[in-house]
A.B. asks: 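Here you go, one structure.
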2 protein chains.
Amino acid sequence: MDTKAPRPRTRIQTEKRELILEAALEVFSAHGFRGSTIDQIAEAAGMSKPNLLYYFRRKEEIHETLMQRLLDTWLAPLKELDDIGDPLTELRSYIRRKLEMARDFPRESRLFANEILQGAPRIKPMLEGELKSLVDEKAEVIKGWMRAGKIVKTDPWHLIFSIWATTQHYADFDVQVRAVLGPNRGGDGRFEDAARFLEQLFVDGLKPKG
Amino acid sequence: MDTKAPRPRTRIQTEKRELILEAALEVFSAHGFRGSTIDQIAEAAGMSKPNLLYYFRRKEEIHETLMQRLLDTWLAPLKELDDIGDPLTELRSYIRRKLEMARDFPRESRLFANEILQGAPRIKPMLEGELKSLVDEKAEVIKGWMRAGKIVKTDPWHLIFSIWATTQHYADFDVQVRAVLGPNRGGDGRFEDAARFLEQLFVDGLKPKG
DNA sequence: GCAAATTTTGACCGATTGGACAAACGTTAG
DNA sequence: CTAACGTTTGTCCAATCGGTCAAAATTTGC
C-alpha cells in the first residue's frame, strides 16, 4: 500500500534528462566510467554540476540509465535473426546491421566495450541471463541450418563471437583502424571495404561446399 | 657535452621496478589508467606509495614504460609472418599465435585495448608510424600470395583487422565469452574451440576454390 | 496575477588523489 | 668500521572529486 506514487515527469525533466544522457554518452564512451567526472558531463550538457545532480542524484544513476537503454538497441539485430529467410541472406543481413551500428553508433559500442573490459561489474547478471539465453536460442537456429546442409558445420557460438568481434572492432578500435589504413583508405570508404571483406569472409566461407 | 650520464641501475632498483610493473599491469588492465590509483599499484606491489614513487616519479611514467614493453611483444607475431613458408600454414600459425597470446597474456591485451578505446592518446604516433609500416609491409606479402593464386583474393588490411579482432576478443571480452558459453563450455576448453573455429573460418575460407 | 511547485545556482564539505619532502633506515665499498 | 650512497617511511599539501544544501530564480496551474 505504501508504494509512493512517483511524480510524473515534467516537460523540462524529460528534455534535460535526455540532454544529460547524450552528454554522458559522449563523455563516458571516451574516458570510461571512472575516467569521467560529473563536471565534464555537466559542461558537455551545458549546465552546472548541481543542476545536473538535480536530475540524476548519483553519477552511477546516469551510467545505469545509459546502459539499460544501450542494451535494448544493442541486442536488437541479433533478435531479428530469423529462421524464416534464407540462412546465408539472414547472416549477411545480420553482419551488415552490426557493421552499420558500429558506424552509426560508435559511442554506444565503446561504452559497452568499456564496461566489458572492466569485467562487466554492472551488467554481468544480464550477460549470464538475458544475453546467454538469446545467444543459445539463436545458436539453435544456426545449428538447424547446419543440419539441413544450408551452411557448413561449425560452432555457432564462436561464429556469433567472431561476428561481434569483427564488426565492433571498427567502432572500438577505430583510431587504430584509421591509423593503419592511412589518410587515403582510412576515409569514409572504410566501412564499405569492411562490409565487402566481411561478407566474403563469412558468407562465402559458410557456403556449403559444392 | 652536457649529456649527464644516467646512473646505472642498482640490483634493488631492477628488482623493484619489475615488481612495480607487474603490479601496475594487473591494476591498469583491470581499471584503466584513470581508474587506477598509485596506492592500488603500491599495495599490489607490496610497498608504500612514497616508496613506489621513488622508482617511478610519476604515474604516467609507469604506464609509459609498461606500454613500450607491451608493443614489442604485441607486434612480434605479425613480424614473424613470413613469405617463405606455405601461405595457409603461415596464416594458421599467425592466428594460433595471436590466440595463444590472448590466452596467456590477457592483461596485456586489455591494457592495449584500454589505450585504443580511449583514443590512443599516448601511442597514436606509433600506430601511424611503426604499426602502419609493418601492416603495409605484410599486406604486400599477402597480396603476393593472392596474385600467385595461393589464397583467394580479398582485402589484406581488413583480413589482418579481422584476425586481430577475433583473437583479441577472447581476452578483451573474456567476461562476456564466459558468460555466454556458461559454466560447461566456458571452461578451459574455450580456447581450443575458438582455435578450431577460427582455423575453419580463415584457413578453409581462404583456400582457393577447387 | 499569484501561490505552489519546479528549476538553477553558488557556496561548501569530506574523501580521495597524485605527488613532495625531509628524516630515518639499510647497504655497500673501501 | 665508517662514510657515502641507496632505500623506505610518515607526514603533509594542493587539487580534484562526488555530492549536499539553502536560497534565489523561474515555471506552472489555477
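Throughout, protein chains are lettered first and strands after them, A, B, ... in sequence-line order, and every chain is numbered starting at 1. Just so you know, these numbers use all the heavy atoms, side chains as well, and skip hydrogens, waters and symmetry mates.
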A.B. asks: State whether A:R196 and A:D193 are salt-bridged, where the test is any N-O pair (Lys NZ or Arg NE/NH1/NH2 against Asp/Glu carboxylate O) under 4.0 Å.
C.D. replies: yes
A.B. asks: Of the residues in residues 16-50 of chain A, which ones touch DNA chain C at a heavy-atom distance under 4.0 Å?
C.D. replies: A:K16, A:S48, A:P50
A.B. asks: Does the distance from a Lys or Arg side-chain N to an Asp or Glu carboxylate O, for B:E60 and B:R122, drop under 4.0 Å?
C.D. replies: yes
A.B. asks: List the residues meeting ring-ring contact (aromatic ring centres under 6.0 Å, His included) with B:W164, not counting sequence neighbours, and say none if there are none.
C.D. replies: B:F161
A.B. asks: Can you list the residues that meet the ring-ring contact (aromatic ring centres under 6.0 Å, His included) rule with B:F173, with sequence neighbours excluded?
C.D. replies: B:H169
A.B. asks: Decide, yes or no, whether a salt bridge links A:E18 with A:R69 under the criterion of side-chain N to carboxylate O below 4.0 Å.
C.D. replies: yes
A.B. asks: Just by distance, do the side chain of B:K16 and the backbone of B:Y55 share a donor-acceptor pair under 3.5 Å?
C.D. replies: no
A.B. asks: Just N and O in the side chain of A:Q13: are any of them under 4.0 Å from OP1 or OP2 of C:dT7?
C.D. replies: yes
A.B. asks: Check this for me: does any side-chain nitrogen of one of B:K79 and B:E137 sit under 4.0 Å from a carboxylate oxygen of the other?
C.D. replies: no
A.B. asks: Which angle, rounded to 10°, do you find between the first-five-pair axis and the last-five-pair axis of the helix from C:dG1-D:dC30 to C:dG30-D:dC1?
C.D. replies: 20°
A.B. asks: Establish, for the pair B:R103 and B:Y170, whether the NZ or CZ atom is under 6.0 angstrom from the six-membered ring centre and no further than 45 degrees off its axis.
C.D. replies: no
A.B. asks: Between A:N51 and C:dT9, is there a side-chain N or O to OP1/OP2 distance below 4.0 Å?
C.D. replies: yes
A.B. asks: Holding to side chain to side chain donor-acceptor pair (under 3.5 Å), I want the full list of residues that pass it with B:R178, two or more places apart in sequence or in another chain.
C.D. replies: B:D174
A.B. asks: What are the residues of residues 52-62 of chain B, sorted by number, that bring a heavy atom to within less than 4.0 Å of DNA chain C?
C.D. replies: B:L53, B:R58, B:K59
A.B. asks: Is the B:F112 ring parallel, tilted or perpendicular to the B:W74 ring (thresholds 30°, 60°)?
C.D. replies: tilted
